[in-house]
Amino acid sequence: MRYAGLAIAFVSAWCFAFSGPMAKYLIVAGLAPVEAVWARMAGAGLLLLAVLVVARPKALRISRSRLPFFAMYAVVAVAGVQALYFVAITRLPVGIALLLEFMAPVMVVVWVRFVRKVRLARAAFVGAVVAVAGLGIVVEAWQGLRLDAIGLLLGLVAGACCAGYFLMSDSFGDDVDPLGLIAWGMLGAAVVLLPFARPWNIPWEAFTVSATPPGGVTLPVAGAYLWMVLIATVTAYILGVNAVRRLSAAVGATVASLEVIGGAVVAWALLGETLGVFQILGGLLVLSGALLAQTASARPGAVAQAEPEPVAVAR
């Protein structure tokens, strides 16, 4: 069962890796980033809702006491992460935006230690320092800011929202079905983004043409959108949930980090985006530090008091 869980988590991470590159095709075709996010969340949410209505209707039941949690999950863990990430990739390479988002495990460690007042293993803090140092190498801080400052800020805030996702994921019990939470979270995010995306103004004709990002290959926009919804969202989420049920949170987070590598590979293959030597070296340090921090905080005996592990459900 463990090996099956690892295989499922691996496939899930690579499915998620397509979200940023496919979104760029929608953006190149004329959609604003928030419009692309809305189209993704609305399409995936409606599809997953339809599947659950037929196959697992009990998963969609929400108790009244859980409504605030579902609302916060939709705003922070889905709308916040996705919208900020999609805007960030318009100003940064996909690989860099993903690296910033995967600072989330380090942010979780800091929150657990200084807000929840839980003592953690020294390795957790070593991992945080390594990750920050790696981020400094990615942006080549010794030569001044070499990447778009607004893009960096958006990527880091997306990481903070992703950290909120992890923190909220360890706070619900058996009364919440993960698949139902994901479905309502996507639809809730679409509702939250409605006044910003204004879908009635979306240039829907963009879905009937083909797009070519600068330096990239040409793809039908409708095909990129369907791939993003079916593979990079619905399939990725479902596989991620099943993987978490078979693996520990620490192992799940480790495998999920492959999305950074996968995203960079897909962006290179489809968009022609490449990373420099310092970005690759710094990226490896960011990943190593984040994984060390996450693993140390989840290791038995690493905390002074019992705390549930952050559930590493894929975004």
Side-chain angles (χ1 to χ4, degrees), residues 5-27 33 36-37 39-41 43-45 47-48 73 76-89 92-105 155 158-159 161-166 169 178-179 181-183 185-186 189 224-247 249 251-271 273 283 286-287 290-291 294 310-315:
L6 288 171
I8 293 171
F10 178 84
V11 176
S12 174
W14 279 89
C15 287
F16 274 115
F18 283 91
S19 61
M22 291 305 172
K24 281 209 168 183
Y25 282 91
L26 274 67
I27 294 169
V37 176
R40 179 192 184 191
M41 294 297 99
L47 178 60
L48 188 53
Y73 185 89
V76 176
V78 183
V81 175
Q82 301 300 332
L84 292 169
Y85 169 65
F86 273 37
V87 176
I89 64 173
L92 297 172
V94 170
I96 299 297
L98 279 172
L99 284 172
L100 294 170
E101 187 177 334
F102 270 84
M103 289 292 289
C161 289
C162 188
Y165 172 86
F166 282 105
S169 292
L179 289 176
L181 179 63
I182 292 170
M186 289 177 182
Y225 173 70
L226 289 175
W227 188 275
M228 182 172 63
V229 168
L230 294 174
I231 304 300
T233 309
V234 175
T235 301
Y237 270 104
I238 292 174
L239 290 176
V241 169
N242 278 279
V244 167
R245 290 179 176 176
R246 297 166 182 261
L247 301 170
V251 175
T254 301
V255 181
S257 67
L258 289 173
E259 181 186 343
V260 177
I261 300 172
V265 170
V266 174
W268 167 76
L270 295 180
L271 307 177
E273 293 183 355
V286 170
L287 283 179
L291 297 177
Q294 178 76 3
V311 179
V313 183
R315 297 165 322 285

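The backbone N or O of Val94 sits less than 3.5 Å from a side-chain atom of Glu273, completing a donor-acceptor pair.
In plain terms, the two heavy atoms of Gly263 and Pro21 that are nearest each other are O-CG, 4.2 Å. Residues Gly43 and Val229 approach most closely at C-CG1, 4.0 Å, considering heavy atoms. Of all heavy-atom pairs spanning Ala23 and Phe86, the tightest one is CB-CE2, 3.3 Å. Considering all non-hydrogen atoms of both residues, Met22 and Leu270 come closest at CE-CD1, 3.8 Å. Contact detail for Tyr85 and Gly20: the closest heavy-atom pair is OH-CA, 3.5 Å. Contact detail for Val37 and Ala83: the closest heavy-atom pair is CG2-CA, 3.7 Å.
Remark: Phe16 CZ to Thr235 OG1 distance equals 10.0 Å, nearest 0.5 Å. Atoms CH2 and CG, from Trp14 and Leu239 in turn, are 15.0 Å apart once rounded to the nearest 0.5 Å. Here Gln82 contributes atom CD and Glu101 contributes atom CD; the two are 7.0 Å apart, rounded to the nearest 0.5 Å. Here the straight-line distance linking atom CG of Leu84 with atom CD1 of Ile89 works out to 12.0 Å at 0.5 Å rounding. A distance of 10.0 Å separates CG in Leu226 from CG in Leu47, rounded to the nearest 0.5 Å.
When side chains are defined from C-beta on, Arg40 does not count as touching Leu26, because their heavy atoms never get closer than 4.5 Å. A heavy-atom distance below 4.5 Å is not found between the side chains of Val234 and Leu230. Tyr25 places a side-chain heavy atom less than 4.5 Å from the side chain of Leu271.
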